[in-house]
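First up is the structure itself, then whatever we jot down about it.
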Amino acid sequence: MENQRASANSSVMNTPEQSPSRLGGLSKISSLSLEKEGSSNGNASDDLPSVPRKITATLIIDGKQHKVTGDGNGPLSSFLDALSSIGIELSVREYSEHSIGVGSDVKAATYIEVIPPNVDPKNKTKGGYWGVGVDADITASGLKAVVSAANCWLGDKQLTLN
């Protein structure tokens with residue numbers, strides 16, 4: 001489980017699960033790239049302490065780049081915190097993942113349900129938005145799923161961004 005993070009300056013580009021052309025509406029996140037914060041010697045145990053983590057991402061929304069930064073206890077919570085800085089306030093209600101394939105060709109499939117702050121997380125019959133991500137990197141798969149779910153939440157909303 002050493003490959004729990006997307007690599008430095010990795011790009012999570014238009015994939016079928018997040019492509020804005022597949023979803024109606026106005027504002028859509030069409031691209032995500034990450035910048036690695038801090039350094040690690042590659043030892044997975046270095047990543048285990050429960051300390052805040054920071055993520056910096058460049059999103060392309062409505063054809064314009066937006067750099068966002070967030071803190072959390074892992075990559076997904078950090079990314080959700082970063083999204084809140086541009087008015088996308090969501091939290092994870094459900095999370096699931098599994099592998100696709102075998103051996104060196106295996107990929108991770110991640111399914112995430114997100115909810116806005118006004119939805120009761122215990123009432124699973126209302127207010128959720130699902131996303132899916134698939135990637136050889138488990139973290140990139142999760143981030144793609146968040147982008148997919150955020151795009152579902154955006155629906156026909158228009159974000160007001162600088």
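If you read the sequence from its start, that first residue is 1, and numbering goes on from there.
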- [ ] State the CD1-CG distance between Ile88 and Leu154, to the nearest 0.5 angstrom.
- [x] 4.5 Å
Open item on the list: Whether the side chain of Ser78 engages the backbone of Arg53 through a donor-acceptor N/O pair (distance < 3.5 Å, no angle test) should be reported.
Closed with: yes
Open item on the list: Running the 4.5 Å side-chain criterion over Ile, Leu, Val, Met, Phe, Trp and Tyr, what cluster does Val102 land in, apart from itself?
Closed with: none
TODO: Check whether any side-chain heavy atom of Leu83 lies under 4.5 Å from a side-chain heavy atom of Val146, and answer yes or no.
DONE: yes
Task: Ile29 backbone acceptor or donor facing Asn151 side chain under 3.5 Å - done: yes
Open item on the list: Rounded to the nearest 0.5 Å, what separates atom CG in Leu143 from atom CD1 in Ile112?
Closed with: 8.0 Å
Open item on the list: With clusters defined by side-chain heavy atoms of hydrophobic residues (ILVMFWY) lying less than 4.5 Å apart, directly or transitively, does Val147 cluster with Leu159?
Closed with: yes
- [ ] Say whether, by atom type as modelled, one donor and one acceptor occur between the side chain of Lys28 and the main chain of Gly155 under 3.5 angstrom.
- [x] yes
TODO: Would you confirm whether Ser141, through its side chain, and Ala108, through its main-chain N or O, come within 3.5 Å as a donor-acceptor pair?
DONE: yes
Open item on the list: Would you say that Leu80 contacts Ser77 through its side chain, given a criterion of any heavy-atom pair below 4.5 Å between the two side chains?
Closed with: no
- [ ] For Asp120 and Arg93, work out which heavy atoms get closest and say how close.
- [x] O-NH1, 3.3 Å
Task: Heavy-atom closest pair, residues Ile55 and Phe79 - done: CG2-N, 3.5 Å
Open item on the list: Distance check, rounded to the nearest 0.5 Å: Ser99 atom OG versus Ile138 atom CD1?
Closed with: 9.5 Å
Open item on the list: Show, in sequence, the C-alpha distance, side-chain angles and deciding distance for Val134 and Ile100, and conclude whether the side chain to side chain contact (heavy atoms under 4.5 Å, CB included) test is met.
Closed with: CA-CA 9 Å; Val134 177; Ile100 300 173; 4.2 Å; yes
Open item on the list: I need the minimum non-hydrogen distance between Gly127 and Pro116, along with the two atoms involved.
Closed with: O-CD, 3.5 Å
Open item on the list: Under 4.0 Å between a side-chain nitrogen and a carboxylate oxygen: does that hold for Lys124 and Glu94?
Closed with: yes
- [ ] Measure the spacing between CD1 of Ile115 and CH2 of Trp153 and express it to the nearest 0.5 Å.
- [x] 13.0 Å
Task: Side-chain heavy-atom pair Ile86, Leu59 within 4.5 angstrom cut-off - done: yes
Task: Distance, nearest 0.5 Å, that separates NE2 of His66 from OG of Ser85 - done: 10.5 Å
Task: Atom of Ala140, atom of Asp137 and distance for their closest heavy-atom approach - done: N-OD1, 2.9 Å
Open item on the list: Quick one, Asp62 with Gln158, criterion side chain to side chain contact (heavy atoms under 4.5 Å, CB included). Give me CA distance, side-chain angles, the key distance, then yes/no.
Closed with: CA-CA 9 Å; Asp62 303 331; Gln158 179 68 45; 3.3 Å; yes
TODO: Report the C-alpha separation of Lys144 and Asp135 in whole Å, then their side-chain angles, then the decisive distance to 0.1 Å, and conclude whether the salt bridge (charged side-chain N to carboxylate O under 4.0 Å, His left out) test is met.
DONE: CA-CA 8 Å; Lys144 285 180 178 182; Asp135 198 279; 2.9 Å; yes
Task: Spacing of Trp130 atom CH2 and Tyr111 atom OH [to the nearest 0.5 Å] - done: 10.0 Å
